[in-house]
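Working notes, structure below.
Index from 1, following the sequence.
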Amino acid sequence: MASSHNPSSHYTQVPLTSDSGGNPEDHEAPAVPIHIVTSASQLPAKFLEPSPQDPLVIGFDCEGVDLCRHGTLCIMQLAFPDAIYLVDAIEGGEKLIKACKPALESSYITKVIHDCKRDSEALYFQFGIKLHNVMDTQIAFSLIEEQEGRTRLHDDYISFVSLLADPRYCGISYQEKEEVRVLLRQDPKFWTYRPLSELMVRAAADDVRFLLCIYHKMMEKLNGRSLWYLAVRGALYCRCFCINDNDYANWTPLPHIPDNLMAEGNAPEEEILSVLDVPQGKMGRIIGRRGSSILSIKESCNAEIFFGGDKGPPDKVFIIGPVKQVRKAEAMLRGRMLEIY
């Protein structure tokens, strides 16, 4: 696999799954280089030119300032089994990120990521990239919990730190993540500074180096039905905040329900994304005092409901789930907007 022209001065481990289970850092994994990329020529050719003859699975994440449509993408991390690439959007600029567009939109490269919504939004609005073929570990975790009979509370989405701490997947403590969060609160421009400090390099690499291990362990657990949900919900998560005027017509179509699931007689219902406009001054009615109103709606519908929040858009509600449940949520939300107090 191609690597940086200059020898790397940074190294880490990319743990891969082992039959013995347990903490992946308990198993000897070879040290792999961390390459700081400022030119597309430093990236592997098989990444830049995706091919059905050579499919890839990579860990993926983004760092930036207030990462969303209006924020600043600073670093894009790519984890391969034999190297980690920190794609420097500050030094390499738009040309470098757009060189990654074919890979990020490719069906032949699986991007393993934890909660892709804001990363996808930033890539779409800042660089015109439609993130595709993600394996979102946050979605996968919830599907495995459901598959094994455990009920997830509404809005109880597992954090990446908690996922790493789960002994079924990694069982490691990621204390440095909190250290970086403190620094980000003190200085939101943390990821913009160059040259990258040792802490920045280590923190960026740590956010992706365990993803391939988690991916393999999760894929062993997911059944065929859950794999379809994983694919379609990942695609809908990628679209979630990427609102456009053509109803996502230029995005890769959503995965169809496989024939084997249709033949089982209990086929899953089609899943959709709905974006509901909220008139000015009505969002408070939807949310309710201390969130009581929206919690009641979420408990009544088997659908996921997201808000733009501080990063926006502030006047929309995003609903993902089976068609009937999404329509039910829409009706309840519209009803709350019409209520007179």
message: One pair to check against side chain to side chain contact (heavy atoms under 4.5 Å, CB included): Met332 and Ser300. What are the steps and the verdict?
response: CA-CA 9 Å; Met332 295 182 73; Ser300 301; 3.8 Å; yes
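- Using a 4.5 Å heavy-atom threshold, the side chains of Val134 and Phe60 count as separate.
- Here Cys170 contributes atom SG and Ile214 contributes atom CD1; the two are 4.0 Å apart, rounded to the nearest 0.5 Å.
- A salt bridge links Glu145 with Arg168: the distance from a Lys NZ or Arg NE/NH1/NH2 to an Asp or Glu carboxylate oxygen falls below 4.0 Å.
- A salt bridge links Lys177 with Asp207: the closest approach of a Lys/Arg side-chain nitrogen to an acidic carboxylate oxygen falls below 4.0 angstrom.
- Taking the salt bridge (Lys or Arg N to Asp or Glu O under 4.0 Å) definition, one finds that Glu198 meets it with nothing, sequence neighbours left out.
- For the atom pair CD1 (Ile90) and OG1 (Thr38), the distance works out to 12.5 Å, reported to the nearest 0.5 Å.
- The existence of a salt bridge linking Arg327 and Glu330 is confirmed by a sub-4.0 Å separation between a basic side-chain nitrogen and an acidic carboxylate oxygen.
- Contact check on Asp315 versus Lys282 returns no salt bridge, with no Lys/Arg side-chain nitrogen under 4.0 Å from an Asp/Glu carboxylate oxygen.
- Distance check, rounded to the nearest 0.5 Å: OG1 of Thr110 to CE of Met219 gives 7.5 Å.
- Under the 4.5 Å side-chain criterion, counting only non-hydrogen atoms from C-beta, Phe210 is in contact with Leu164.
- Considering only heavy atoms from C-beta on, Lys328 stays 4.5 Å or farther from Pro322 through its side chain.
- Although no hydrogens or angles enter the test, the distance criterion places a donor-acceptor pair under 3.5 Å between the side chain of Gln42 and the main chain of Ser39.
- At least one donor-acceptor pair closer than 3.5 Å links the side chain of Asp136 to the backbone N or O of Cys116.
- Annotation: side chain of Ser120 is not in contact with side chain of Phe241 (no heavy-atom distance under 4.5 Å).
- Between Phe160 and Tyr174, the ring-plane angle classifies as perpendicular under the 30° and 60° cut-offs.
- Gln325 places no side-chain N or O within donor-acceptor distance of the main-chain N or O of Glu304, the cut-off being under 3.5 Å.
- With sequence neighbours left out, Glu176 forms a salt bridge (Lys or Arg N to Asp or Glu O under 4.0 Å) with Arg202.
- The closest side-chain heavy-atom distance from Asp166 to Phe141 is below 4.5 Å.
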Show me the donor-acceptor pairs within less than 3.5 Å that the side chains of residues 248-263 make with the rest of the protein, sequence neighbours left out.
residue : atom : partner : partner atom : Å
Tyr248  : OH   : Arg239  : O            : 3.1

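- Ion pairing between Lys117 and Asp119 fails under the 4.0 Å rule for side-chain N and carboxylate O.
- Taking Ser162 as the reference, Ile158, Ser159 meet the side-chain contact (heavy atoms from CB on, under 4.5 Å) condition, with sequence neighbours excluded.
- Between the SG atom in Cys301 and the NZ atom in Lys324 there is a gap of 14.0 Å [rounded to 0.5 Å].
- In this structure, the side chains of Glu271 and Trp228 come closer than 4.5 Å at one or more pairs of heavy atoms.
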Audit row: His132, Ser107, side-chain hydrogen bond (donor to acceptor under 3.5 Å, both in side chains) steps and yes/no: CA-CA 7 Å; His132 173 60; Ser107 299; 3.0 Å; yes
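- Rounded to the nearest 0.5 Å, atoms CD1 (Ile109) and CG (Leu56) are 5.0 Å apart.
- Within the structure, every pair that satisfies the ring-ring contact (aromatic ring centres under 6.0 Å, His included) test and touches residues 257-308, not counting sequence neighbours, is listed here: Tyr157-Phe306, Tyr237-Phe306.
- Taking 4.5 Å as the limit, some side-chain heavy atom of Leu78 sits within range of a side-chain heavy atom of Val87.
- Criterion: ILVMFWY side-chain heavy atoms under 4.5 Å apart, direct or through other members. Under it, Val65 and Met76 are not part of a common hydrophobic cluster.
- Using modelled atom types and a 3.5 Å distance limit, the side chains of Tyr108 and Asn133 yield no donor-acceptor pair.
- To the nearest 0.5 Å, the span separating CD1 on Ile144 from CG on Leu222 amounts to 4.0 Å.
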message: As a quick check of understanding, evaluate side-chain hydrogen bond (donor to acceptor under 3.5 Å, both in side chains) for Tyr193 and Asp187, giving each step before the final call.
response: CA-CA 11 Å; Tyr193 300 124; Asp187 184 0; 2.6 Å; yes
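- Side chain of Lys311 to backbone of Arg118: no donor-acceptor contact under 3.5 angstrom is found.
- Contacts of Glu146 classified as salt bridge (Lys or Arg N to Asp or Glu O under 4.0 Å), with partners at least two apart in sequence or in another chain: none.
- Under the 3.5 Å distance criterion, the side-chain polar atoms of Arg69 are left unmatched by any main-chain donor or acceptor of Ala122.
- Here the side chain of Lys111 pairs a donor or acceptor atom with the backbone of Ser106 at under 3.5 angstrom.
- In this structure the side chain of Val37 never reaches within 4.5 angstrom of the side chain of Leu86, judged on heavy atoms.
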task: Show the numbers, then the answer: is there a side-chain hydrogen bond (donor to acceptor under 3.5 Å, both in side chains) between Tyr229 and Asn223?
output: CA-CA 10 Å; Tyr229 280 123; Asn223 62 29; over 6 Å; no
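- A distance-only check finds no donor-acceptor pair linking the side chain of Asp61 to the backbone of Gln77 [under 3.5 Å].
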